[in-house]
Amino acid sequence: TMDATAMEFEADRFDLAVDKGTADAMMHGASVAGAEVVERMAAEVWRTLRPGGLFLLVSHSALRRPLLGAGASWECLEVRRCRLSAQATFINVLRSKLKGRPIAEAFKDPALLQEAAAEAKQTMRQMAFVEAFR
């Protein structure tokens, strides 16, 4: 394994870097906790990208975007907003309740799982209600 905030790759090695969940996991849901770690990860991504390289980030939160600059010159090519799946919502609720602890710990705590499932269900109802008025 390798620490995403201190990668062992040499500078200017890659043409493309893809993040589909690392930044979201580091920031646990909708909070800004973990922002410093995401900034360090982004700085490492930019360091390892060749000039003109692409950084593709898939995230469920607009809070990530301002953290990706870290001395790099980049442009946002596309932003799409869509409703999260029930599974993604449940995982995000679990992450926020675990406050940075490994997600595997949640599966050892049936009460926490029930609480997270109820909160995710309520969140899905709220998102459906908001979407009805868009």
Side-chain angles (χ1 to χ4, degrees):
T1 62
M2 190 181 302
D3 181 348
T5 66
M7 293 188 270
E8 298 167 9
F9 301 115
E10 66 268 8
D12 304 328
R13 177 167 182 181
F14 300 105
D15 293 314
L16 173 68
V18 179
D19 172 11
K20 188 185 177 296
T22 304
D24 284 346
M26 289 175 166
M27 286 187 68
H28 350 146
S31 74
V32 292
E36 184 179 305
V37 176
V38 172
E39 288 174 336
R40 289 196 320 262
M41 179 202 71
E44 276 296 279
V45 169
W46 293 122
R47 183 187 67 76
T48 61
L49 279 174
R50 290 185 179 122
L54 297 175
F55 180 11
L56 174 63
L57 174 76
V58 178
S59 176
H60 296 298
S61 175
L63 295 174
R64 313 309 182 238
R65 204 168 152 199
L67 304 175
L68 302 176
S73 171
W74 70 289
E75 67 178 287
C76 181
L77 299 177
E78 182 175 345
V79 174
R80 289 188 186 191
R81 295 180 189 250
C82 59
R83 188 167 156 198
L84 288 178
S85 69
Q87 294 86 353
T89 301
F90 178 67
I91 294 298
N92 283 344
V93 169
L94 277 179
R95 284 184 178 144
S96 69
K97 291 187 172 305
L98 288 166
K99 297 182 170 96
R101 293 179 294 149
I103 201 159
E105 287 186 23
F107 298 100
K108 299 173 187 172
D109 187 344
L112 177 68
L113 287 172
Q114 279 188 313
E115 185 181 316
E119 187 175 328
K121 190 174 183 178
Q122 179 62 29
T123 300
M124 292 299 294
R125 281 192 206 117
Q126 290 170 348
M127 287 191 306
F129 180 77
V130 168
E131 279 192 21
F133 293 97
R134 279 191 177 178

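Positions are given from 1, in the same order as the sequence printed here. All values derive from a computational prediction rather than experimental measurement.
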Please tabulate, one pair per line, all N/O donor-acceptor pairs under 3.5 Å involving side-chain atoms of residues 12-19, not counting sequence neighbours.
from, atom 1, to, atom 2, distance (Å)
D15, OD1, R50, NH1, 3.2
D15, OD2, R50, NH1, 3.1
D19, OD1, G21, N, 3.1
D19, OD1, T22, N, 2.7
D19, OD1, T22, OG1, 3.4
D19, OD2, A23, N, 3.1

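No chain of hydrophobic side-chain contacts below 4.5 Å, direct or via other Ile, Leu, Val, Met, Phe, Trp or Tyr residues, connects V93 to L98. In the hydrophobic cluster analysis, where Ile, Leu, Val, Met, Phe, Trp and Tyr join through side-chain heavy atoms closer than 4.5 angstrom, F9 is grouped together with F55.
By the side chain to side chain contact (heavy atoms under 4.5 Å, CB included) test, A86 is found to be paired with M124, residues two or more places apart in sequence or in another chain being considered. By the side chain to side chain donor-acceptor pair (under 3.5 Å) test, T123 is found to be paired with no residue, residues two or more places apart in sequence or in another chain being considered. Partners of F107 by ring pair (Phe, Tyr, Trp, His ring centres under 6.0 Å), not counting sequence neighbours: none found. For A4, the side chain to side chain contact (heavy atoms under 4.5 Å, CB included) criterion is met by M26, M41, not counting sequence neighbours.
Within the structure, the side-chain hydrogen bond (donor to acceptor under 3.5 Å, both in side chains) test picks out the following pairs touching residues 107-120 (sequence neighbours left out): K97-E115, K97-E119.
A 4.5 Å side-chain heavy-atom check between F90 and L113 finds at least one atom pair inside the cut-off.
The main-chain N or O of A120 is never found under 3.5 Å from a side-chain atom of R125 such that the two would form a donor-acceptor pair.
The minimum heavy-atom distance linking M7 with V45 is given by the pair CE-N, 3.8 Å.
For E44 and R40, the salt-bridge test fails: no basic side-chain N is under 4.0 Å from an acidic carboxylate O.
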